[in-house]
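One structure is given here, and the rest of the page talks about it.
FYI, side chains are in, hydrogens and waters are out, and symmetry mates aren't considered; it's all heavy atoms of this structure. Numbers restart at 1 for each chain; the letters A, B, ... are given by sequence-line order, proteins then strands.
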Amino acid sequence: AQSVTQLGSHVSVSEGALVLLRCNYSSSVPPYLFWYVQYPNQGLQLLLKYTSAATLVKGINGFEAEFKKSETSFHLTKPSAHMSDAAEYFCAVRNTGGFKTIFGAGTRLFVKA
Amino acid sequence: EAGVTQFPSHSVIEKGQTVTLRCDPISGHDNLYWYRRVMGKEIKFLLHFVKESKQDESGMPNNRFLAERTGGTYSTLKVQPAELEDSGVYFCASSQSEAGGETQYFGPGTRLLVL
């Protein structure tokens with residue numbers, strides 16, 4: 001069975017500081033991995049996805065994530081936080097033969113001025 | 001191009017009542033998914049349609065939930081009768097194919113509160 005663990009339900013950073021949101025997954029088959037973001041009163045928006053090509057994936061809004069098979073991790077980073085990055089972020093996994101997306105519990109990012 | 005739309009955006013009902021949620025997928029997307037997020041928990045898969053056929057409804061909580069997708073276009077999710085534990089955000093998503101890496105596009109969700 002697949003599962004996703006996001007470390008930290010809330011993360012607070014200062015504007016301009018590094019953003020690091022942690023995600024570990026469990027999967028018995030090679031996974032596809034995703035990061036979604038949800039801004040207030042909006043739907044989930046895909047930030048980036050890993051589909052077995054390059055292990056370092058670049059997404060929208062300056063975010064990137066690195067797939068590390070040995071650590072079963074897919075942490076999300078951004079070098080410099082903006083106030084507009086304040087949102088809830090979801091890590092998700094899907095197996096390579098399927099369509100059902102398994103989500104983590106979400107991490108709410110706060111950005112302080 | 002219009003994204004996935006959901007109606008209503010919010011619904012407050014009393015226990016025992018019936019509620020119907022609607023999802024309009026992106027035009028041309030054969031695959032439609034329903035997910036639910038109960039307060040503070042993970043977003044969980046409910047079911048998957050390919051056109052008008054249910055491919056997988058393994059995530060449906062119980063037989064109080066009925067999903068339909070007549071004609072393979074929009075979908076409805078009916079809860080009858082609603083219970084307190086049904087409160088949460090119901091998301092709909094759609095994709096062109098069901099390939100594993102295919103992007104699923106999500107709607108804004110319907111926030112359901114059962115009192």
Side-chain angles (χ1 to χ4, degrees), chain A residues 1-10 23-54 57 59-60 65 67 74 87-108, chain B residues 1-10 21 23-26 29-51 53-60 88-111:
Chain A
Q2 294 178 307
S3 66
V4 177
T5 301
Q6 292 184 240
L7 298 176
S9 58
H10 297 82
C23 172
N24 288 86
Y25 70 91
S26 171
S27 179
S28 58
V29 298
Y32 292 130
L33 293 160
F34 306 82
W35 274 99
Y36 283 88
V37 60
Q38 185 180 22
Y39 299 102
N41 299 316
Q42 294 186 29
L44 297 170
Q45 181 181 3
L46 182 69
L47 273 178
L48 49 82
K49 63 181 180 181
Y50 166 77
T51 56
S52 75
V57 182
I60 62 172
F67 171 65
F74 191 57
E88 191 161 19
Y89 293 78
F90 296 91
C91 182
V93 64
R94 199 185 301 161
N95 74 46
T96 52
F99 50 83
K100 187 186 299 187
T101 305
I102 309 299
F103 286 88
T107 297
R108 189 169 294 278
Chain B
E1 178 182 312
V4 177
T5 58
Q6 293 186 244
F7 183 82
S9 58
H10 296 78
L21 314 181
C23 169
D24 286 78
I26 293 172
H29 282 192
D30 287 339
N31 293 271
L32 187 149
Y33 314 83
W34 283 97
Y35 293 84
R36 177 176 75 168
R37 187 183 192 198
V38 173
M39 179 79 73
K41 305 271 188 172
E42 298 87 352
I43 299 169
K44 291 198 171 179
F45 169 86
L46 296 179
L47 87 160
H48 169 215
F49 284 100
V50 177
K51 297 184 180 178
S53 299
K54 293 177 187 175
Q55 287 294 106
D56 183 349
E57 51 184 331
S58 62
M60 294 286 264
V89 183
Y90 291 77
F91 292 102
C92 176
S94 71
S95 68
Q96 279 191 312
S97 80
E98 58 185 87
E102 182 79 7
T103 298
Q104 293 180 7
Y105 296 89
F106 282 77
T110 293
R111 284 149 184 81

Residues forming a side chain to side chain contact (heavy atoms under 4.5 Å, CB included) with Asn24(A), sequence neighbours excluded: Leu7(A), Thr72(A), Ser73(A), His75(A)
How about Lys51(B): does its NZ atom have over 12 heavy atoms from other parts shown lying under 6.0 Å from it? no
Would you compute the distance between atom CZ of Phe106(B) and atom CD of Gln45(A) and round it to the nearest 0.5 angstrom? 12.5 Å
Kindly compute the distance separating CD (Gln38(A)) from CD1 (Ile43(B)), expressed to the nearest 0.5 Å. 6.5 Å
Taking all non-hydrogen atoms of both residues, which atom of Asn41(A) and which atom of Arg111(B) are closest, and how far apart? CA-NH2, 4.3 Å
Proximity breakdown for Ser9(B) and chain A, heavy-atom pairs closer than 4.5 Å: neither
Is it the side chain or the backbone of Tyr50(A) that comes within 4.5 Å of chain B heavy atoms, both, or neither? neither
pair Thr101(A)-Tyr35(B): side-chain heavy atoms closer than 4.5 Å: yes
Tell me if the centroids of the rings in Phe45(B) and Phe103(A) come within less than 6.0 Å of each other. no
Just how far is it from atom OH of Tyr32(A) to atom OG1 of Thr103(B), taken to the nearest 0.5 Å? 11.5 Å
Crowded around Tyr90(B) OH? As in, over 12 foreign heavy atoms under 6.0 Å? yes
Heavy-atom pairs under 4.5 Å with chain A, option from Lys41(B), Gln104(B), Glu42(B) with the top count: Gln104(B)
Whatever's closer than 4.5 Å to a heavy atom in chain B on Leu44(A) counts as both
Pair Glu88(A)-Arg37(B), salt bridge (charged side-chain N to carboxylate O under 4.0 Å, His left out): steps then yes or no: CA-CA 13 Å; Glu88(A) 191 161 19; Arg37(B) 187 183 192 198; 2.9 Å; yes
